Amino acid sequence: MVEGEGVWLTDSEGRKYIDANASIWTNIHGHNHGVINDAIRDQLDKVAHTSYLGFANPRASELAQRLVGFFPDDDLQRVFFSDNGSTAVECAVKMAVQYRMQTGDAERTHLIAFDQGYHGDTMGAASLGGVGEFFDRFRKFGYPVSHVRDMADLLSLDSSEINKTAAVIIEPLVQGVNQMHVWPKNMLLQLRQWCDRHGVHLILDEVMTGFGRTGTMFACQQENVTPDFLCLAKGLTGGYLPLAATLVREEIYQAFRGGAERAFYYGHSYTANQLGCAAALASLDVFEQENTLSRLPEKIKCLDELLTKMSYYHPQIYGVRQCGMVAGVELRDANGNTFPTTDRVGEAVSLVAREYGVLSRPIRDTLVIMPPLSISQEEIQVMCDGISRAITCYFD
Ligand SMILES: *Cc1c(COP(=O)(O)O)cnc(C)c1O
């Protein structure tokens with residue numbers, strides 16, 4: 001890929017594609033956006049990067065202020081910066097465990113995560129994940145974690161298990177890597193209540209769902225839930241630069257004060273990179289300037305209608321799962337049976353879609369549709385047409 005403009009990418013042969021998976025779920029306002037470009041250039045003329053270990057920088061301070069401002073009553077007041085989604089999760093988990101050590105609860109070191117979840121590829125984050133192919137061979141090196149299928153499964157845990165648990169982690173509203181599995185309505189709220197009842201912290205991994213992807217700035221806002229830890233990355237910089245943030249409650253921050261032995265020893269070289277923070281601030285400005293969130297409902301509806309129509313038309317579409325501007329189109333044979341994995345049908349159809357100008361990356365036999373939020377309704381139509389034609393072309 002050599003150039004981008006809005007939702008369009010151009011490859012080295014001059015072919016153009018709609019970036020239907022937002023460059024692996026990162027891009028928000030389109031490529032080559034003037035406001036973000038200018039913000040990065042302006043910052044570049046000042047300084048690109050300075051260490052955040054023992055120092056602060058104005059862009060990071062402003063960004064932290066803007067991020068906590070999205071939450072009511074200053075519920076999440078503190079921000080820890082890192083570079084990517086996996087490290088945002090590592091920070092949350094290490095803080096959750098060290099918090100217990102420093103508040104007289106040192107036995108509470110276990111984590112609970114959900115089956116088929118995905119929280120990143122570093123060793124710790126991957127151990128929270130529930131996708132066997134990614135982690136089973138490393139299982140013994142990871143965090144002590146129990147996996148549950150759903151709320152019913154969580155409710156059936158006995159108290160000895162719960163009492164050793166520091167935190168529960170979940171991808172709120174929709175599990176991305178799990179082929180866009182959408183959680184039942186109110187599940188997040190029930191989970192928050194369960195955590196409160198049992199004195200267990202709630203870590204929300206909004207690395208994918210954050211920054212408007214599900215229709216609201218953050219997915220947790222749809223059920224009025226505030227977590228104890230909030231992990232952000234992918235869309236934070238509008239999809240421009242690697243940057244991550246872990247937001248925490250004031251009470252958690254306070255447990256790390258009072259001397260070197262209580263400190264949180266965690267710092268990456270590029271923590272709070274100034275160019276990344278400048279891009280993130282500009283991305284938040286664009287949300288306001290372009291009314292990104294208030295323009296989403298009509299786009300979500302348009303996508304929903306086109307995908308519904310598409311699923312009537314193609315017997316191979318087994319199901320469409322959609323949560324805001326995130327959608328998965330699952331392909332199966334006309335009898336509803338999954339294809340043999342060795343057929344790699346999802347991959348094959350996605351390759352055909354490229355011929356029709358749509359670029360995405362499937363998960364097994366689920367086609368992923370997650371364009372930049374800036375996509376117009378006309379472009380949604382073009383994208384869906386391309387996918388529909390690819391399905392026809394592959395199966396006929
Ligand atoms: C992508 C993703 C991660 C990992 O982020 P990286 O920046 O790739 O390390 C973690 N959690 C979720 C939900 C993700 O979608």
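Along the sequence shown, the residues carry numbers beginning at 1. Keep in mind that this is a model prediction, so the values were computed, not measured. Numbering of ligands and ligand atoms starts at 1, following listing order. Hydrogens, waters and symmetry mates play no part in the numbers below; they use all other heavy atoms, side chains included.
Crowding of Gln254 atom CD: a count of heavy atoms from other residues, nucleotides or ligands under 6.0 Å exceeding 12.
Counting only distance, with no hydrogens or angles, the side chain of Ser388 and the backbone of Cys384 share no donor-acceptor pair below 3.5 Å.
In this pair, Phe256 and Phe264 present their aromatic rings perpendicular. The plane angle is above 60°, beyond the 30 to 60° band. Taking the six-membered ring for Trp and thresholds of 30 and 60 degrees, Trp194 and His198 have ring planes inclined between 30 and 60 degrees apart.
Ring pair His314/Tyr312: centre-to-centre distance not below 6.0 Å.
Using a 4.0 Å cut-off between a side-chain N of Lys or Arg and a carboxylate O of Asp or Glu, Arg66 and Asp285 qualify as a salt bridge.
A distance limit of 4.0 angstrom between heavy atoms and ligand 1 selects the residues Trp25, Asn84, Gly85, Ser86, Tyr118, His119, Gly120, Glu171, Asp205, Val207, Met208, Lys234.
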